[in-house]
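Each chain gets a letter, A, B and so on, in the order the sequences are listed, and its residues count up from 1.
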Protein chains: 2
Amino acid sequence: MLSRSRIVDAAVDLIEREGADAVSMRRIAAGLGVGVMSLYNHVPNKAALLDAISESVLSKIEFTDDPSAHWTDRVRVQARAFRQIAHHYPRSTMVVFSRQLHSTAGLLPVERALSTLRDAGFEGGEAVRMLRMFVAYIVGSLLREVGVTPTFAPVRGDATVVDVDPALFPEVSSLAPYLTSCDHDEEFEFGLELLVQAMSVRAGKQAGRRSARG
Amino acid sequence: MLSRSRIVDAAVDLIEREGADAVSMRRIAAGLGVGVMSLYNHVPNKAALLDAISESVLSKIEFTDDPSAHWTDRVRVQARAFRQIAHHYPRSTMVVFSRQLHSTAGLLPVERALSTLRDAGFEGGEAVRMLRMFVAYIVGSLLREVGVTPTFAPVRGDATVVDVDPALFPEVSSLAPYLTSCDHDEEFEFGLELLVQAMSVRAGKQAGRRSARG
DNA sequence: GTTGACGGACGTACAGCGTACGTGTCAGTC
DNA sequence: GACTGACACGTACGCTGTACGTCCGTCAAC
């Protein structure tokens, strides 16, 4: 028996196996062993199916939030949970990012994150701004990681940075070894720590106001 | 006479006017008053055309770098220059983000940014990590701004957050007014300042190493 | 002036796409 | 038995990217 979730799962599988470009209603139907138009009994159109895929992927994020942990650790855990799913469904993640997220699937993560930020001492608009900034960093990082890994297209040779004129681009040239290689885990953790530290400073300033201006 | 740049410009215009989904070789050709297949004399295929669009948009970023300014101000200026282009070509920017950027068009910005970071006192891998983190934040922010603004699809009603059960999502519910509204300029500057401050702390720590571990 | 080569614009054709519409087959209810 | 709804399916239409062949304007060689 066909169902919306079976269709979504098959679509995600297809995306991960053959890439987002390979996704067509006919391919999905073939994968399920049904006719094309049968899908439309459960999904209004392809755009809605892609939205459902986004929702499905986002809902897979596991937020094992430990309220007793320090808020900095909770931030770290939540960020890594996001990233883990993105790495598990890299090509589908690109689909998520390329679409509007206007669904309530991501509401639980938001609730958890806001709760964490409140513990950190952020109130009202400040908490929301912090959350948005954090999400921006995570999304931007994952877009790079997932776009670079063999996700959407086969990786091209890294000769692009090798044949750079050192006279024109001295910095790029001298930092070439760092630019060509990239330990994604390390990069992510680096930015994560920087953000957590920046938030700690900000939190201390506004919450405890410890020895500031005094 | 047809040319690659004329095709790219027409494509960008079309994307901005009617959205990325409306882009087809036939539409572009019609906009230029030529036959479809004439395009293929200048562009190998549609994917290459989209890559050319990315390159074109990225190359429009104006980096009026002032080496005499303080590095923090240079960082701000560079980030805003990026954002300005994204706002000028919002729908095309989505195309840029959805593709692999593997072109040398973004090399000048990279050079400028690395130079700025060197002035800030970052060396080697640290500079590259800072750059990547910064780009991640900017890209993530723009993805949200540009994805929310009437860019890809018409904006949906903001009733998604209104009908939230306060018992299930207390934080989301109480912060609803902050979550539904969003001053993008303010948000961007907020994160920008936070990052610049975080970088300043880091720069002071590793460059001057003033009174650390002492 | 004629000829040949060639680059570029173009038309045709084909496979594949999303999906509107109609049809057939069941399960459940009177 | 008849009626009803849900659901799987086939057909068909307009669209897509693009391979291929054709035609024409320009220019070099003779």
Side-chain angles (χ1 to χ4, degrees), chain A residues 1-56 91-92 94-96 98-100 102-103 152-154 156, chain B residues 1-56 91-92 94-96 98-100 102-103 152-154 156:
Chain A
M1 184 63 171
L2 211 47
S3 76
R4 182 184 164 98
S5 68
R6 285 225 310 144
I7 294 174
V8 171
D9 290 348
V12 170
D13 278 357
L14 181 58
I15 291 177
E16 294 305 326
R17 270 187 291 112
E18 305 199 25
D21 289 344
V23 173
S24 77
M25 301 302 271
R26 285 175 170 81
R27 296 289 307 271
I28 296 171
L32 288 165
V34 302
V36 195
M37 294 315 291
S38 306
L39 303 179
Y40 286 87
N41 290 320
H42 306 269
V43 168
N45 52 44
K46 189 182 181 182
L49 175 55
L50 292 178
D51 284 341
I53 291 173
S54 295
E55 199 166 334
S56 167
R91 296 164 124 129
S92 303
M94 284 300 284
V95 174
V96 174
S98 70
R99 303 194 67 74
Q100 216 113 323
H102 49 48
S103 80
F152 241 15
R156 299 236 308 222
Chain B
M1 185 65 169
L2 212 48
S3 77
R4 181 184 165 95
S5 67
R6 284 225 310 144
I7 294 173
V8 170
D9 290 347
V12 170
D13 279 356
L14 181 58
I15 291 177
E16 294 305 326
R17 270 188 293 110
E18 306 199 24
D21 289 344
V23 173
S24 77
M25 301 302 271
R26 283 175 173 83
R27 295 291 306 270
I28 296 171
L32 288 165
V34 300
V36 195
M37 293 316 290
S38 307
L39 303 179
Y40 286 88
N41 290 320
H42 306 269
V43 167
N45 52 45
K46 190 183 181 181
L49 174 56
L50 292 178
D51 283 341
I53 290 173
S54 294
E55 200 165 335
S56 168
R91 297 164 123 129
S92 304
M94 283 301 283
V95 174
V96 174
S98 69
R99 303 194 67 74
Q100 216 111 326
H102 49 48
S103 79
F152 242 13
R156 299 237 308 223

Full working for salt bridge (Lys or Arg N to Asp or Glu O under 4.0 Å) between A:Glu18 and A:Arg27
CA-CA 11 Å; A:Glu18 305 199 25; A:Arg27 296 289 307 271; 2.7 Å; yes
Using whole Å, report how far CE of A:Met1 lies from P of C:dT25.
18 Å
Rounded to whole Å, how long is the line connecting atom CG of A:Leu32 with atom P of D:dC9?
10 Å
Phosphate contact (D:dA6 OP1 or OP2) by A:His42 side-chain N/O below 4.0 Å:
no
With heavy-atom distances below 4.5 Å as the criterion, would you say the side chains of B:Met25 and B:Leu49 are in contact?
yes
Can you find a donor-acceptor pair, distance only, under 3.5 Å between A:Arg26 side chain and C:dG16 base?
no
Nearest of C:dC17, D:dT18, D:dA8 to any side-chain atom of B:Lys46?
D:dT18
Please report the distance, rounded to the nearest Å, between CE in B:Met25 and C1' in C:dT12.
17 Å
Between D:dT16, D:dG17, D:dA8, which one does the side chain of A:Leu2 approach most closely?
D:dA8
In whole angstroms, the gap separating C1' of D:dT18 from CG of B:Leu49 amounts to 14 Å
Taking the side chain of B:Met37 as its heavy atoms from C-beta onward, which of C:dT19, C:dT12, D:dT16 lies nearest to it?
C:dT12
Tell me: CD1 of A:Ile28 to P of C:dC17, nearest whole Å?
11 Å
Nearest-0.5 Å distance, CG of residue B:Leu39 to CZ of residue B:Arg26:
10.5 Å
CG of B:Asn41 versus C1' of D:dT26: gap in Å, rounded?
16 Å
Between CD of A:Glu18 and P of C:dG16 the distance, given in whole Å, is 14 Å
Counting only side-chain heavy atoms from C-beta out, which of D:dC9, C:dA9, D:dT18 sits nearest to B:Asn45?
D:dT18
What nucleotide among D:dT18, D:dT16, C:dA9 has an atom nearest to a side-chain atom of B:Tyr40?
D:dT18
Counting only side-chain heavy atoms from C-beta out, which of D:dT16, D:dA8, C:dC10 sits nearest to B:Ser38?
C:dC10
Distance (rounded to the nearest 0.5 Å) between A:Ser92 OG and A:Asp13 CG:
8.5 Å
Do A:Leu2 and A:Arg6 touch side chain to side chain, with heavy atoms closer than 4.5 Å?
yes
Would you kindly give the CG-to-C1' distance between A:Leu39 and C:dT19, to the nearest whole Å?
11 Å
